Engineer: 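Pasting a structure below so you can have a look.
Bear in mind the structure is a predicted one, so any value in this text is a computation, not a measurement.
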Amino acid sequence: MDGIGFLFAGFAAFWLLLGGYVVTLGWRQVGLKRQMERLERELSRVGES
Amino acid sequence: MANEQTLTRPGSAGSGRNVGGTLDLGLADAGKAGGDRWSVVVNLLGVLSVVAVLAALYGALIWAPREAQMGDIQRIFYFHVPSAWVAMGPAFTMVFACCIAYLVKKDLRYDRIAAASAEIGVMFTTITLITGPIWARPIWGAYWTWDPRLTTTLVLWFIYVAYLMLRSATPSGHRRARLSAVFGIVGYVDVPIVFMSIRWWRTIHPDVLTGQDSGLDPSMRAVLFFALGAFTLLYAYLLAVRVRQDGLAMRVERLRHLLQQR
Amino acid sequence: MGFLAQAWAIAWKDIVGELRTREMVFSMLLFGFLVILIFNFGIEPGMTEINLVKPGVLWAAFAFAGILGLNRSFAAEKENDCLQGLLLCPVDRSVIYLGKLAGNFIFIAAMSLFVFFFFSILYNVNIAAALLPMLAIIALATLGFSAIGTLFSAVSVGIKTRDVILAILLFPVMVPVILAAAKSSGSVLDGRGLAAAGTWLGLLVVYDLVFLAISIMTFDYVVEE
């Protein structure tokens with residue numbers, strides 16, 4: 001690999017790692033939101049009964 | 001029990017709904033006192049940091065002059081150094097400060113900030129450890145040269161990964177906060193000692209070149225400092241987002257407990 | 001009962017208990033010997049650079065066997081709920097820490113000495129010249145290892161993956177100790193003597209002081225209920 005190849009690899013690694021972390025955060029957020037909604041619905045349902 | 005099933009089964013009724021643009025990182029996180037104002041600040045921070053990092057990318061790849069000896073490959077430096085700096089500077093120092101703050105004040109919020117900061121710090125450290133060798137290979141012919149700074153970064157990585165592993169092996173609460181606070185303090189104090197010991201070690205074996213801050217062109221220095229600022233902004237944004245997410249996770253836990261008691 | 005007397009009482013309880021059952025002592029020793037043996041098969045015994053490798057082999061063995069010693073210390077307490085009993089005593093928490101520290105230090109230092117003898121035989125070390133300097137290095141390194149090791153043992157007490165977690169927590173923090181100890185040992189085993197390793201010994205002393213202080217200060221927080 002020549003110099004440009006390594007340069008590309010370096011920046012690609014950066015964006016992959018940062019992007020991976022951001023995606024993990026986003027995925028976790030979506031999951032938590034869904035759980036929250038579901039739990040709130042259950043809570044109100046149980047509260048009515 | 002029917003309740004348990006609907007709670008734990010993914011993709012159950014209605015969960016496919018996308019509640020008003022929440023695919024953003026917690027945009028509609030209302031329900032906390034002052035939450036709206038804080039959300040605005042966080043989102044502004046997010047936009048700013050993304051713009052800044054992209055500008056730093058432009059600066060690194062295009063605006064900065066080509067380095068005479070190393071060529072274009074040197075441009076990784078503008079992302080490698082700030083990553084290392086953000087990890088060792090703001091991120092892990094914040095962990096240390098919050099560990100002490102927790103032990104003194106016993107407020108779990110400090111613990112949450114410490115954990116989030118450690119996670120982001122480990123991420124930036126990983127970036128440093130991967131971009132470093134990628135840069136080193138074409139320049140010095142080897143991925144790893146036991147250079148004191150990079151080696152200390154490697155030990156640092158192990159220390160803070162250990163911090164995260166300790167947390168994941170302990171149930172959440174004050175005990176976990178106490179234990180991680182103690183380890184966080186020991187780890188941080190250890191870092192300068194590790195650096196000194198590795199540097200002494202390497203000066204005995206002078207087969208390593210570390211001449212990377214030999215005379216920086218002023219425009220190069222400008223890009224570097226800009227990148228440092230951009231990365232610090234990014235760190236602040238990620239920290240805010242992560243802490244807020246942790247708060248949400250805590251509320252989910254609490255709701256789940258509430259429901260299980262009925 | 002004075003402060004130091006209390007701490008010694010705890011250490012003595014540890015030592016007597018261990019000597020009575022002899023459980024851990026022999027396994028630690030055997031393990032230390034085995035590590036030396038296994039390393040030996042990984043390297044060429046007659047190679048010219050053997051002097052470069054000897055300290056590393058020795059200190060790797062010490063580190064691995066030392067971890068076993070630490071694990072024994074608090075594990076035994078947990079099994080018999082002795083830790084609870086100890087915590088009920090109206091003593092300063094630092095007393096418990098110092099007592100456990102003393103117990104660990106004595107065990108690990110004694111074990112290291114035996115492992116060093118075994119090592120000396122296998123690697124033809126001039127024991128007469130090397131013994132006293134090595135004792136000093138072993139003492140300093142073991143103090144640092146035990147100081148943080150005792151603290152982290154208490155940290156990892158309630159955790160399921162206890163043994164592994166202790167190693168994960170301890171080894172990164174031990175890097176300066178292993179490095180300094182190996183370098184000093186290299187100097188001694190090469191015949192250059194302790195004087196040539198001045199900086200490394202200084203590092204060990206600084207490390208010991210700093211982390212002994214931090215451990216004493218933070219131990220309370222680790223064991224509080």
Engineer: Rounded to the nearest 0.5 Å, how far apart are CD1 of B:I159 and CZ of C:F171?
Structural biologist: 14.0 Å

Engineer: When rounded to the nearest 0.5 angstrom, what is the spacing between OG1 in C:T218 and CZ in B:R178?
Structural biologist: 12.0 Å

Engineer: Considering only heavy atoms and a distance below 4.5 Å, find which of B:V186, B:L156, B:V155 pairs most often with chain C.
Structural biologist: B:V186

Engineer: Quick check: are there more than 12 heavy atoms from other residues, nucleotides or ligands sitting under 6.0 Å from CZ of B:F158?
Structural biologist: no

Engineer: So which bits of residues 96-106 of chain B come within less than 4.5 Å of chain C, counting non-hydrogen atoms only?
Structural biologist: B:L103, B:K106

Engineer: Mind checking the CG-CD1 spacing from C:L151 to B:I185? Nearest 0.5 Å is all I need.
Structural biologist: 10.0 Å

Engineer: Looking at every non-hydrogen atom in both residues, tell me the closest pair between C:W200 and B:W200 and how far apart they are.
Structural biologist: CH2-CB, 3.7 Å

Engineer: Just how far is it from atom CD1 of B:I198 to atom CG of C:L179, taken to the nearest 0.5 Å?
Structural biologist: 7.0 Å

Engineer: Supply the atom-to-atom distance C:E224 CD to B:H174 NE2, rounded to the nearest 0.5 angstrom.
Structural biologist: 10.0 Å

Engineer: What are the two closest heavy atoms between B:M165 and C:I168, and how far apart are they?
Structural biologist: SD-CD1, 3.9 Å

Engineer: Is any side-chain heavy atom of C:F211 less than 4.5 Å from a side-chain heavy atom of B:V189?
Structural biologist: yes

Engineer: Measuring heavy-atom distances to chain B, does C:L169 have an atom under 4.5 Å in its side chain, in its backbone, in both, or in neither?
Structural biologist: both

Engineer: Are C:Y207 and B:D190 packed together at the side-chain level, in the sense that at least one heavy-atom pair is separated by less than 4.5 angstrom?
Structural biologist: yes

Engineer: With sequence neighbours left out, write down each residue that passes salt bridge (charged side-chain N to carboxylate O under 4.0 Å, His left out) with B:R112, or none if nothing qualifies.
Structural biologist: B:D246

Engineer: What is the distance from atom OG of B:S197 to atom CD1 of C:I178, rounded to the nearest 0.5 Å?
Structural biologist: 11.0 Å

Engineer: In the structure I gave you, are the side-chain heavy atoms of C:P172 and B:Y160 within less than 4.5 Å of one another anywhere?
Structural biologist: no

Engineer: So what's closer than 4.5 Å to chain B heavy atoms on C:V177: side chain, backbone, both or neither?
Structural biologist: neither

Engineer: Between B:F183 and C:V173, which heavy-atom pair has the shortest distance, and what is it?
Structural biologist: CE1-CG2, 4.2 Å

Engineer: Measure B:L154 against the heavy atoms of chain C and call it side chain, backbone, both or neither at under 4.5 Å.
Structural biologist: neither

Engineer: Chain B heavy atoms under 4.5 Å from C:V175: which part of the residue, side chain, backbone, both or neither?
Structural biologist: side chain

